Amino acid sequence: MNTQAETSTAVLDVVKQVFSVVFLVAGIGAFYYFSEIQLLYRVIGLLVIAAAAVGMVLTTGVGRNLWSFMKESKQEVRKVVWPTRDETVRTTMMVFAMVFVVGFMLWLLDMFLFWGVRFLTGQGV
């Protein structure tokens, strides 16, 4: 009995997801089909259709899981200890300095390898 309820729920979720995609595609098609109507009204209509499609998806199991994940992610972002402005500037300057040093070292390596190849091939004599 329980397996049948889960199967019908899964089928209903898939049907809702398919209808929401079809609804959204139809809304985009209508946006271009009614091109003679003012752009503002078409954009508002498309936003309403997109909101309805998202609302329909959020009533499915996948949508509820996604919404739960987004709420938990928001809570986790609040727990992050963000660096101060001074720490950010100092770290950025450190990255710039290291990029410059590594770039200079690669330039020197390239220069010496180029010089070595020219010397070995007899072009630099």
Side-chain angles (χ1 to χ4, degrees):
M1 180 80 177
N2 193 16
T3 313
Q4 185 181 12
E6 289 177 9
T7 305
S8 65
T9 304
V11 170
L12 184 61
D13 284 354
V14 171
V15 169
K16 286 180 183 179
Q17 291 170 354
V18 168
F19 273 130
S20 66
V21 170
V22 169
F23 198 50
L24 187 61
V25 169
I28 293 171
F31 177 83
Y32 289 108
Y33 181 76
F34 296 110
S35 60
E36 69 277 354
I37 296 177
Q38 193 175 11
L39 180 64
L40 175 67
Y41 298 130
R42 291 188 295 147
V43 169
I44 290 172
L46 186 60
L47 289 175
V48 167
I49 289 173
V54 167
M56 191 181 302
V57 168
L58 288 178
T59 62
T60 65
V62 174
R64 285 188 294 272
N65 289 340
L66 179 65
W67 186 253
S68 174
F69 174 75
M70 289 170 38
K71 288 189 335 188
E72 291 171 8
S73 297
K74 187 177 177 181
Q75 291 172 352
E76 288 298 320
V77 167
R78 289 181 184 160
K79 295 178 185 177
V80 173
V81 178
W82 297 102
T84 63
R85 179 178 173 83
D86 187 46
E87 291 171 335
T88 304
V89 169
R90 195 175 315 136
T91 304
T92 303
M93 290 301 141
M94 182 90 65
V95 168
F96 283 152
M98 289 307 298
V99 166
F100 179 76
V101 168
V102 170
F104 183 72
M105 289 171 54
L106 289 174
W107 175 74
L108 284 175
L109 178 66
D110 182 56
M111 186 178 66
F112 284 121
L113 287 174
F114 184 69
W115 175 78
V117 168
R118 287 184 64 191
F119 180 74
L120 290 174
T121 57
Q123 295 176 2
V125 185

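Numbering of residues begins at 1 and proceeds along the displayed sequence. Note that the coordinates shown come from a computational prediction; the quantities given were computed from them, not determined experimentally.
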- Does CE in M111 sit with more than 12 non-hydrogen atoms of other residues, nucleotides or ligands closer than 6.0 Å? yes
- Note on the structure: By ring pair (Phe, Tyr, Trp, His ring centres under 6.0 Å), W107 pairs with (sequence neighbours left out) F104
- Query: Residues two or more places apart in sequence or in another chain: which of them pass side-chain hydrogen bond (donor to acceptor under 3.5 Å, both in side chains) with T91?
  - Reply: none
- Under 4.5 Å side-chain linkage, directly or through intermediates, the cluster mates of L58: V54, L66, W67, M70
- Query: Linking Ile, Leu, Val, Met, Phe, Trp and Tyr by side-chain heavy atoms under 4.5 Å, what else ends up with V22?
  - Reply: V14, V18
- Task: Could you pull out the closest heavy-atom pair between A53 and L24, with the gap in Å?
- Result: CB-CB, 4.3 Å
- Task: Specify the closest pair of heavy atoms between T60 and V57, including all atoms of both residues, with the distance to one decimal.
- Result: OG1-O, 2.6 Å
- Query: Of the options I49, V43, I44, which is the one that meets L47 in a side-chain contact (heavy atoms from CB on, under 4.5 Å)?
  - Reply: V43
- Can you pull the ring-ring contact (aromatic ring centres under 6.0 Å, His included) pairs that have at least one residue in residues 15-66, sequence neighbours excluded? none
- Hydrophobic cluster partners of V25 (side-chain heavy atoms under 4.5 Å): V21
- Query: Can you list every side chain to side chain donor-acceptor pair (under 3.5 Å) pair that touches residues 10-30, not counting sequence neighbours?
  - Reply: K16-T59
- Item | salt bridge (charged side-chain N to carboxylate O under 4.0 Å, His left out) partners of K79, counting only residues at least two apart | E76
- Message: List the residues meeting side-chain hydrogen bond (donor to acceptor under 3.5 Å, both in side chains) with R90, not counting sequence neighbours, and say none if there are none.
- Response: D86
- Query: V11, M56: one ILVMFWY side-chain cluster at the under-4.5 Å cut-off?
  - Reply: yes
- Query: Under the side-chain hydrogen bond (donor to acceptor under 3.5 Å, both in side chains) test, which residues partner K74, sequence neighbours left out?
  - Reply: none
- Hydrophobic cluster (4.5 angstrom, side-chain heavy atoms) - remaining members for V101: M105
- Message: Checking E72 now: which residues fulfil side-chain hydrogen bond (donor to acceptor under 3.5 Å, both in side chains) with it, not counting sequence neighbours?
- Response: S68
